[in-house]
Chemist: 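Can you keep this structure in mind? I'll have questions shortly.
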Amino acid sequence: MTGRKETFTSVAPGAVKIYTCGPTVYDFAHVGNFRAYLFEDLLKRFLLFMGYHVTHIMNITDIDDKTIRGANARGVSLAEYTRDYIDSFFADLKTLNIAPADRYPRATEHIPEMVAIVKGLIQKGFAYEKDGSYYFSIAKFPSYGRLSKINREELQPGRRVDLDEYEKESVHDFALWKAKKEGEPFWETEIGPGRPGWHIECSAMSSKYLGETFDIHCGGVDNIFPHHENEIAQSEAFTGKKFVNYWLHCHHLIRDGEKMSKSRGNTITIPEILKAKNNPAALRFLLLSTHYRKTLNFTFEALDQAETALNRINEFAGEVKYGEFPEGEIQAVGQIIKEAEKKFRDGLSDDLNISVAVTALFNLIKKVNVAIARGDFRSQDAQKADRFMSSINQVLGVTSPRKSVTVRVDPLSAKFSVPPQRVIVTDEITAQQKGKIERRQKARAEKDFALADKIRRELLEDGIVLEDTKDGVRWKIVPVSKKQE
Ligand SMILES: [Zn+2]
């Protein structure tokens, strides 16, 4: 609201109430929508990490202009039309390891609560009726436009708009309740037959579950106008109290440098991305690691880079979790971990500065790896590092420590006079697969690169990635991409 960073103080000490605008289930949510849900997840997990009790409500908009249009075009009921989109939304939340909200209220199940607010607004003189519909009179609410910083000269009070979405250029009185119309679902209510406008839905559901004044309201920047502006007007006019203390909005996601939109045909869903590269944790890491107030450019190259970075984190997490080190501890290592902890916390405390937090993590990995290589690392240091890794993963939700075992493949070096080859085992594989790796090593030693390449590709189909390093061949198991149905 102020356009500045502010110190956060919750309404009730130690507890935070958050409302995040959920999906409008007229289509499959795309990766841009999930960028917003992931930023909200980071915020929530960080507040939990800082010891707050968090109550999180995310609504499902299962009735609005777009869902009605879609259902009519397909010739099915609204409930039937939205069902698949709701199911896939929940499936994607799970895939991306987004911590569930406390509730996911649906608009169609809160019609009486919406009607009560419209009635109250009529009684207080903020709303008026026209042809069975009810509109909010923006002229009656002098602070209208504060969130979106609207030029007040552009206000056109008295003129009405029936659509849920409209441009900032012509600000009108907006529809709270839309009169019954041919081909639209409707409810018989005290204010007549009809259905809610989109904005009243969030005012009704947020106050029902979080109270009239709550701490944080989130959404994408597209929600600022008109949606959140109208929520503020309705709620504050109705209760006479401040609606929300802090507003946080996530910036756009663009794809290959272009705005992602249905009309450009460049939207992409979570399952579509995972069909091309089945690594949900890497996708989560990519979407989290750009600050929420910056535009994020989604490319598959960026996803590859996120995967590489994540592999490094997982290998490190595996090393400190499963590695064997001499008894004892080394003070300098404890200091490195302490510093990283502080930087991680301070970074995220500063308006969720994820770059600072992730840099703190990679600096720790670098410094500790040097300590390990020098032999300046002990079992108690490993325990501390392991605790650090799992505690920050409560916030990031991306790591799964990878077990590493080193195996010497001696026969090869003996037979083919190549340097001792090591196979660094990161997961269990079958004897047959191990045999293939050895045959490939042999082929390489004999300079039969065609055969070596063929075997490498076969192993890749099993989800085994080979990396030739100066210490020998290293392999790891990656999730195999789902075959096209
Ligand atoms: Zn909303």
Side-chain angles (χ1 to χ4, degrees), residues 1 17-27 29-30 32-41 43-44 55-68 78 82 85-86 89-90 93 98 101-111 113-118 121 136 144-148 161 163-166 168 174-178 195-239 242-252 292:
M1 185 71 85
K17 293 185 173 179
I18 307 179
Y19 186 87
T20 60
C21 286
T24 298
V25 284
Y26 74 108
D27 198 352
H30 60 67
N33 305 125
F34 278 96
R35 185 207 180 179
Y37 306 145
L38 272 169
F39 130 69
E40 292 155 357
D41 190 47
L43 171 68
K44 173 175 156 181
T55 310
H56 173 207
I57 303 296
M58 180 186 257
N59 69 297
I60 307 272
T61 297
D62 58 354
I63 177 162
D64 79 320
D65 293 351
K66 290 191 273 195
T67 44
I68 292 172
L78 196 59
T82 55
Y85 302 128
I86 293 173
F89 166 72
F90 283 112
L93 284 186
I98 293 175
D102 294 272
R103 274 173 193 272
Y104 295 95
R106 297 183 186 192
T108 52
E109 291 165 4
H110 295 78
I111 303 295
E113 288 86 343
M114 297 171 204
V115 169
I117 296 177
V118 178
L121 289 172
F136 186 92
Y144 189 86
R146 263 179 64 205
L147 181 70
S148 53
V161 58
L163 298 174
D164 286 333
E165 289 180 83
Y166 47 92
K168 221 173 177 177
F174 59 91
L176 296 161
W177 183 260
K178 305 184 187 193
R195 55 117 173 161
W198 171 35
H199 317 296
I200 195 75
E201 299 178 4
C202 283
S203 281
M205 291 185 277
S206 60
S207 62
K208 172 162 182 178
Y209 297 106
L210 298 176
E212 291 175 338
T213 302
F214 59 92
D215 299 294
I216 303 177
H217 196 313
C218 301
V221 285
D222 285 347
N223 289 143
I224 296 174
F225 186 86
H227 187 49
H228 289 166
E229 197 68 74
N230 292 352
E231 277 186 45
I232 295 169
Q234 297 159 161
S235 295
E236 296 194 351
F238 178 63
T239 65
K242 190 176 184 190
F243 177 41
V244 168
N245 285 334
Y246 305 91
W247 291 88
L248 279 78
H249 293 100
C250 173
H251 227 274
H252 288 294
Y292 75 96

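Every number for a ligand or one of its atoms is a count from 1 in the order of the listing.
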Chemist: Do the charged groups of Arg146 and Glu229 touch, with an N to O distance under 4.0 Å?
Modeler: no
Chemist: For a distance under 2.8 Å, give residue and atom name for each protein N, O or S atom next to the Zn ion (ligand 1).
Modeler: Cys21 SG, Cys202 SG, His227 NE2
Chemist: For residues 200-210, which residue pairs qualify under salt bridge (charged side-chain N to carboxylate O under 4.0 Å, His left out), counting only residues two or more places apart or in two chains?
Modeler: Glu113-Lys208
Chemist: Can you name the residues that form a ring pair (Phe, Tyr, Trp, His ring centres under 6.0 Å) with His30, not counting sequence neighbours?
Modeler: none
Chemist: Check whether any side-chain heavy atom of Ser207 sits under 4.5 Å from a side-chain heavy atom of Ser235, and report yes or no.
Modeler: no
Chemist: Between Asp65 and Arg195, is there a side-chain N and carboxylate O pair less than 4.0 Å apart?
Modeler: yes
Chemist: With sequence neighbours left out, what residues match Asp215 under salt bridge (Lys or Arg N to Asp or Glu O under 4.0 Å)?
Modeler: none
